[in-house]
Number of protein chains: 2
Amino acid sequence: MSNNSERGADSTASPVQSVDRALAILEILADAGEAGVTDIGAQLGVHKSTAFRLVGSLEARGLVEQTAERGKYRLGVAILRLAAATTARLDVVQEARPFARRLATDTGETVNVAVLNGGAALYLDQIAGSSALQPHNWVGQRVPLHATSNGKVLLSGLEDDQVRAEVGPDLRAYTPTTVVDVDVLLAEVARVRERGHVVVVDELEHGLTAVAAPVRGVHGDVVASLSVSGPTFRFDAAKLARATELVVAAADDSSRRLGHRPTGRVEQTSSN
Amino acid sequence: MSNNSERGADSTASPVQSVDRALAILEILADAGEAGVTDIGAQLGVHKSTAFRLVGSLEARGLVEQTAERGKYRLGVAILRLAAATTARLDVVQEARPFARRLATDTGETVNVAVLNGGAALYLDQIAGSSALQPHNWVGQRVPLHATSNGKVLLSGLEDDQVRAEVGPDLRAYTPTTVVDVDVLLAEVARVRERGHVVVVDELEHGLTAVAAPVRGVHGDVVASLSVSGPTFRFDAAKLARATELVVAAADDSSRRLGHRPTGRVEQTSSN
DNA sequence: CTACCGTGTCGCGCCATGAGCAACAACTCG
DNA sequence: CGAGTTGTTGCTCATGGCGCGACACGGTAG
């Protein structure tokens with residue numbers, strides 16, 4: 001094959017070409033939202049008829065669907081089924097969901113569940129707040145650990161040297177208030193450990209406030225982070241205090257559902 | 001080869017075999033949660049080495065991941081990213097609209113889509129009926145939860161104490177038939193939960209009848225309410241029954257579009 | 001310890017199968 | 001009405017995917 005510099009399909013060897021191309025189509029559609037077979041074929045570096053057949057297989061399984069009788073293609077609802085099955089196997093999401101939902105209705109803001117995954121916070125679940133304007137859906141996305149409330153909570157379950165390893169040496173500044181010094185971050189993480197929650201304002205994005213608390217597993221280790229987030233202007237001191245209280249309560253309830261017995265105090269993982 | 005009774009892969013011709021098999025693997029993993037390549041190969045009716053290669057391609061894209069260095073496979077987090085891209089454009093109003101439109105023409109009455117928002121039902125969309133007597137446009141308006149069909153449906157997605165919190169202690173009487181007792185309201189909401197629909201007559205406004213049914217999201221939670229409403233004198237018993245049936249059907253169709261699977265039955269709509 | 005299952009993983013060779021070509025259909029734009 | 005799209009479809013060839021079998025590894029029982 002001469003030139004296929006269009007879409008990364010060659011980097012890590014993929015045993016079967018057509019499957020890889022089909023999956024690449026899914027990613028193309030995820031990025032573009034919509035695309036025609038000509039576009040897709042161009043991006044894959046294949047003939048449009050090839051793209052058409054691949055799309056046809058995806059469509060037969062409901063992973064993609066075409067907008068009109070003879071129109072562009074986009075991701076289909078079967079994806080949602082798979083995603084539901086993916087998170088269903090994670091009992092963190094299952095057990096935390098009722099509490100997260102209540103948290104969302106009580107605060108009126110968006111609730112997220114995140115786990116540590118490959119040096120980032122991976123959002124596993126989201127319950128939209130009661131606000132009329134829905135925020136962007138973060139499920140499946142990864143956000144930096146050092147600039148988010150969920151990230152700091154997840155880091156609080158690690159030892160200091162593990163924290164260093166996860167975040168790396170260079171902390172990118174997303175806003176002027178982003179913590180860029182590792183030692184400062186460690187100090188904050190330490191505070192998260194003793195307080196059991198954290199509030200982050202304008203560190204990832206200006207005008208975005210979030211408060212998070214840890215969800216713990218049977219052994220007391222941090223398995224996930226539960227957060228409430230919304231526009232900073234909606235979080236005055238009183239609401240922030242109330243949201244903090246509710247998030248901690250919901251996280252504790254979730255922890256209890258996962259078999260964690262709160263010994264009244266936050267117990268550290270080791271006994272030294 | 002003509003013996004593929006293992007997994008439905010034959011119904012509507014899928015242009016490219018390997019892709020279809022790979023997608024079938026995703027469904028297998030979605031159902032089973034975990035599976036080894038031997039299992040997968042058996043279910044697909046192919047050699048395990050074939051299954052291994054297909055899984056390899058899926059793994060290269062992050063759609064599946066193996067539990068251990070040399071272990072079983074399960075769905076991966078890349079699915080969540082795709083789902084995020086899918087839900088980004090998948091909002092209740094847009095997906096429900098075709099069914100709502102159909103519902104409006106079939107019943108001849110006005111159809112509304114509402115969501116729970118800050119202790120009230122917020123109307124997001126409205127399709128006017130064919131009758132000459134048109135109600136005013138309710139889009140963007142908020143109506144009390146305890147005196148409307150949409151409100152009761154939305155409440156049916158909550159726990160009892162959450163219902164109490166949403167409606168507050170004092171239920172205002174808009175008409176003589178408005179439910180003003182919280183316990184009575186809870187009983188009605190409970191009936192909505194088991195029946196899957198609700199009829200409200202003259203509770204918000206004298207002479208106004210409405211029937212509503214819940215629209216559910218991927219996780220089965222109530223994300224919106226779909227209703228048909230009109231003057232009471234136009235709703236005799238027969239029309240009410242028919243409207244109820246149609247509303248429930250339209251709501252179910254909308255739910256399906258949002259990825260909700262009604263009491264999970266495996267696909268059997270093939271062979272046509 | 002050895003033999004025997006089981007698993008996931010990999011090399012090889014045949015041929016089914018997927019890819020490219022080109023012609024077709026439908027739809028938009030001047 | 002023609003020139004430009006678009007998505008769709010036979011056809012044909014060789015490429016890429018398949019099944020076979022062997023290997024590596026981890027248990028378990030003898």
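Lettering follows sequence order; numbering is per chain, from 1. All heavy atoms count here, side chains included; hydrogens, waters and symmetry mates do not. Computed from a prediction, not measured in an experiment: that's the story for all the values here.
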Closest approach to the side chain of [X], judged atom by atom: which nucleotide of [options] is it?
| X | options | value |
| --- | --- | --- |
| Val46(A) | dT8(D), dG20(C), dG21(D) | dG20(C) |
| Phe52(A) | dG20(C), dT9(D), dG8(C) | dT9(D) |
| Arg53(A) | dT8(D), dG19(D), dG10(D) | dG10(D) |

Atom-to-atom span, [atom1] of [X] to [atom2] of [N] - whole angstrom:
| X | N | atom1 | atom2 | answer |
| --- | --- | --- | --- | --- |
| Leu58(B) | dG8(C) | CG | P | 15 Å |
| Arg21(A) | dT15(D) | CZ | P | 13 Å |
| Gln66(B) | dG8(C) | CD | P | 10 Å |
| Lys48(A) | dT5(D) | NZ | P | 10 Å |
| Asp39(A) | dT5(D) | CG | P | 13 Å |
| Leu54(B) | dG8(C) | CG | C1' | 15 Å |
| Asp20(B) | dT17(C) | CG | P | 13 Å |
| His47(A) | dT15(D) | NE2 | C1' | 17 Å |

On the side chain of Ser49(A), is there an atom forming a donor-acceptor pair with the base of dC21(C) - under 3.5 Å, no angle test?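 Donor-acceptor pair under 3.5 Å: yes.
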
For Lys72(B), which contact category applies under a 4.0 Å heavy-atom criterion: base, sugar-phosphate, or nothing? nothing

Surrounding CD of Gln141(B) (heavy atoms of other residues, nucleotides or ligands, distance under 6.0 Å), is the total greater than 12? yes

Are more than 12 heavy atoms from other residues, nucleotides or ligands located less than 6.0 Å from atom CG of Asp170(A)?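 Not more than 12 within 6.0 Å, no.
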
For DNA chain D, just give me the dot-bracket, please: Watson-Crick or G-U, both distances below 3.5 Å, ( ) intra-strand, [ ] crossing earlier pairs, | paired with another strand, . unpaired. |||.|.||||||||||||||||||||||||

So, does Gln17(A) get its side chain near the phosphate of dG18(C), meaning an N or O under 4.0 Å from OP1 or OP2?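 Checking Gln17(A) against dG18(C): no side-chain N or O falls below 4.0 Å of OP1 or OP2.
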
Using only side-chain N and O atoms of Tyr73(A), determine if any of them is under 4.0 Å from OP1 or OP2 of dT8(D).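 Yes, because at least one side-chain N or O of Tyr73(A) sits under 4.0 Å from OP1 or OP2 of dT8(D).
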
CA sep, side-chain torsions, deciding dist, call: Ser149(A), Ser227(A), side-chain hydrogen bond (donor to acceptor under 3.5 Å, both in side chains): CA-CA 7 Å; Ser149(A) 60; Ser227(A) 73; 4.7 Å; no

Decide side chain to side chain contact (heavy atoms under 4.5 Å, CB included) for Arg216(B) and Leu258(B); before the verdict, give the C-alpha distance in whole Å, the side-chain angles of both, and the deciding distance to 0.1 Å. CA-CA 8 Å; Arg216(B) 299 177 181 276; Leu258(B) 294 177; over 6 Å; no

Ala35(B) or Ser18(A): which one's nearest nucleotide on DNA chain C is closer to the 5' end?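 Checking each residue's closest nucleotide, the 5'-ward one belongs to Ala35(B).
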
Toward the 5' end of DNA chain D, by each residue's nearest nucleotide, Val16(A) or Thr38(A): Thr38(A)

Any side-chain heavy-atom pair from Leu124(B) and Val92(B) closer than 4.5 angstrom? no

Keeping to residues at least two apart or across chains, list the salt bridge (Lys or Arg N to Asp or Glu O under 4.0 Å) pairs with something in residues 139-154 of chain A.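 Found Lys152(A)-Glu188(A), Lys152(A)-Glu203(A).
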
As a quick check of understanding, evaluate side chain to side chain contact (heavy atoms under 4.5 Å, CB included) for Leu26(B) and Leu23(B), giving each step before the final call. CA-CA 5 Å; Leu26(B) 290 180; Leu23(B) 302 182; 4.1 Å; yes

